[in-house]
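Have a look at the structure below, then the notes.
In listed order, ligands and their atoms are each counted from 1.
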Amino acid sequence: MDSFKYVDGVLHAEGVPVTKIAREQGTPAYVYSRETLLDHYTKIDQAFAAVPHLICFSVKANSNLGVLAILNKAGSGFDVVSGGELHRVQKIGGPMKKVVYAGVGKTDEEIGAALKAGILMFNVESEAELENIGRIATDLREKKQIAEPARVALRVNPDVDPHTHHYITTGKKETKFGVDLQRASQVLKNAPKYKNVQVAGVHAHIGSQITEVEPYKESLGKVVSFIKDHRSKDVPLTYLNSGGGFGIYYADKKAPPVAQFAQVMVPLVQQSGCTLVLEPGRFIVGNSGILLTRVIYVKDSGAKRFLIVDAGMNDLIRPSLYDAFHEIWPVESETLPPTRGGAAKADPDATLEVDVVGPICESGDFLAKGRALPKEIKRGDLLAVFSAGAYGYVMASNYNTRGRAPEIIVKGGAYAIATRRETYDDILKNESVPESVL
Ligand SMILES: Cc1ncc(COP(=O)(O)O)c(C=O)c1O
């Protein structure tokens, strides 16, 4: 599952005791395992080996340059949603012909930069955007700044419920994403009137943390018949982009192995005759990272125990934002957490239900509520927050003027700092006191 394992009562990231990282680098700290990253990337690659496919790692899930460079070396492409993410991929020398660009609100500047960079294609969310990309591409071609027309995939909204949190549901018709299939036909009909933009595929990303295969079957079923229908009308659609969304094991929710998703998706992709583009984020990076944190105080109040730790909602907002479950366990422990071979049911003699909370001045600042953890946890103990590699650091903020944690990557028996801890000077570097307003 991942390369975070207890050895003689101490949690290790690959071959490195995480106690060593905490001692040398402090807490809170994000720790990623290179081996797990590559293992998950390979699992997807192998699961879809039967069809021509391109894996475009979803940069929004974890945009650390070190993580991107590791995946680039493994052959991954990238799915970006902003000029900033594109810049990151350029920075690590990622091949532009493996970059797809999604997002409902791309600006003219972002579109121009992506065209000049020569990305593979845009995922277009509306006819207005299609027209705008054509306009910008025409302008750039006239100025001889680009040689080819812009290539796009039309994002459709298949109106399928992915059975996930409503904030990360995107494939239902009431969300802002894509265009419904009927309108999509109209957009394809209108497309030839826009110069310098070529619709080469169809994109459908229905949501994130999807733990059932059925929604993919339903969505791809609709998309493939849409593609077949339009191909018969001579619309040259050669790419089918199924987006991301494969769920991971967060301990409260089990996710099927990626091969099970592939089992239902591959035959449909084969029917379409298209190259499959996948945009996995969470599946590759989610279980590849932990957040290391230290208990600052143990506080009993109102018949409840609180473990007040040094990581807060500014470091990991998922529990506050989505009510997300992250397994938490002491880094040094004789007993194992339920997902790592420990008792599935909490032992009432050895555990206590506690709230694990951060230092931030918000009641919403928590990492876990009512969680059965070993009774003996005390001030100074280290805790690991598991499955924190996706949508963790990328959503971190400086709220309460707290510097963001470092990002550390482990390879075998050694670790390296990929992002250093932010200092107060880092936080204040763009600010000044303008004399004129005093
Ligand atoms: C268009 C698109 N592609 C890919 C992803 C990545 O999803 P996940 O991390 O669930 O694989 C997202 C995430 O929301 C997305 O919006």
Side-chain angles (χ1 to χ4, degrees), residues 37 40-41 43-45 47-48 53-64 67-68 71 76-82 85-86 89 98-106 119-126 129 152-158 160 162-172 175-179 201-213 215-216 219-220 223 239-250 253 255-258 261-262 265 276-289 318 321-322 324 387-395:
L37 273 176
H40 290 166
Y41 173 80
K43 280 196 169 110
I44 299 188
D45 201 28
F48 289 94
H53 65 277
L54 173 64
I55 300 174
C56 293
F57 172 68
S58 193
V59 175
K60 68 160 76 85
N62 185 320
S63 49
N64 179 275
V67 168
L68 301 184
L71 291 169
S76 184
F78 298 96
D79 155 44
V80 302
V81 292
S82 70
E85 287 190 355
L86 177 64
V89 177
K98 288 188 183 176
V99 171
V100 295
Y101 191 149
V104 290
K106 304 170 193 82
I119 65 164
L120 176 63
M121 67 176 76
F122 294 94
N123 295 328
V124 161
E125 302 258 1
S126 63
E129 188 191 333
V152 308
L154 179 61
R155 181 168 183 175
V156 298
N157 185 319
V160 168
H163 301 145
T164 185
H165 192 282
H166 60 283
Y167 283 7
I168 49 177
T169 292
T170 56
K172 289 189 74 185
T175 67
K176 67 182 173 186
F177 300 99
V179 287
V202 177
H203 174 261
H205 167 83
I206 54 173
S208 194
Q209 183 54 14
I210 300 171
T211 54
E212 298 163 20
V213 299
Y216 279 98
S219 166
L220 279 196
V223 170
Y239 289 93
L240 193 181
N241 185 332
S242 64
F246 301 144
I248 63 165
Y249 191 77
Y250 278 109
K253 228 176 179 191
V258 70
F261 288 107
M265 292 168 69
L276 175 67
V277 180
L278 294 149
E279 300 171 348
R282 190 188 310 270
F283 183 86
I284 290 178
V285 85
N287 285 327
S288 305
R318 298 190 68 258
L321 188 62
Y322 309 122
S387 311
Y391 306 104
Y393 186 90
V394 283
M395 288 191 179

Taking 4.0 Å as the limit for heavy-atom contacts, which would you say applies to Phe283 with ligand 1: side chain only, backbone only, both, or neither? neither
To the nearest 0.5 angstrom, please state how far the [atom1] atom of [X] sits from the [atom2] atom of [Y].
{"X": "Glu125", "Y": "Asn157", "atom1": "CD", "atom2": "CG", "answer": "9.5 Å"}
{"X": "Ile55", "Y": "Tyr41", "atom1": "CD1", "atom2": "OH", "answer": "4.5 Å"}
{"X": "Arg282", "Y": "Asn62", "atom1": "CZ", "atom2": "CG", "answer": "12.0 Å"}

Minimum non-hydrogen distance to atom 2 (C) of ligand 1, winning option of Glu279, His203, Glu125: Glu279
Run through Val213, Leu220, Val258 and flag the one making a side chain to side chain contact (heavy atoms under 4.5 Å, CB included) with Met265. Leu220
Exactly one of Val80, Val89, Leu86 clears side chain to side chain contact (heavy atoms under 4.5 Å, CB included) with Ile119, and that residue is Leu86
Applying a strict 4.0 Å limit to heavy atoms, is Ala390 in contact with ligand 1? no
Looking at Val285 and Ala61, what are the two nearest heavy atoms and their distance? CG1-CB, 4.1 Å
Just jot down the ligand 1 atoms closer than 4.0 angstrom to any heavy atom of [X], in number order.
{"X": "Asp79", "answer": "3 (N), 4 (C)"}
{"X": "Tyr391", "answer": "6 (C), 7 (O), 8 (P), 9 (O), 13 (C)"}
{"X": "Arg282", "answer": "8 (P), 9 (O), 11 (O)"}
{"X": "Ser58", "answer": "4 (C), 5 (C), 6 (C)"}
{"X": "Pro280", "answer": "11 (O)"}
{"X": "Gly281", "answer": "8 (P), 9 (O), 11 (O)"}
{"X": "Ser208", "answer": "7 (O), 8 (P), 9 (O), 10 (O)"}

Sub-3.5 Å N/O-N/O distance, Gly245 and ligand 1: yes
Does the N or O separation between Lys60 and ligand 1 drop below 3.5 Å for any pair? yes
Would you kindly say whether His203 and Glu279 are connected by a side-chain donor-acceptor distance under 3.5 Å? yes
Given side-chain hydrogen bond (donor to acceptor under 3.5 Å, both in side chains), test His53 with Asp45 step by step and report yes or no. CA-CA 8 Å; His53 65 277; Asp45 201 28; 2.6 Å; yes
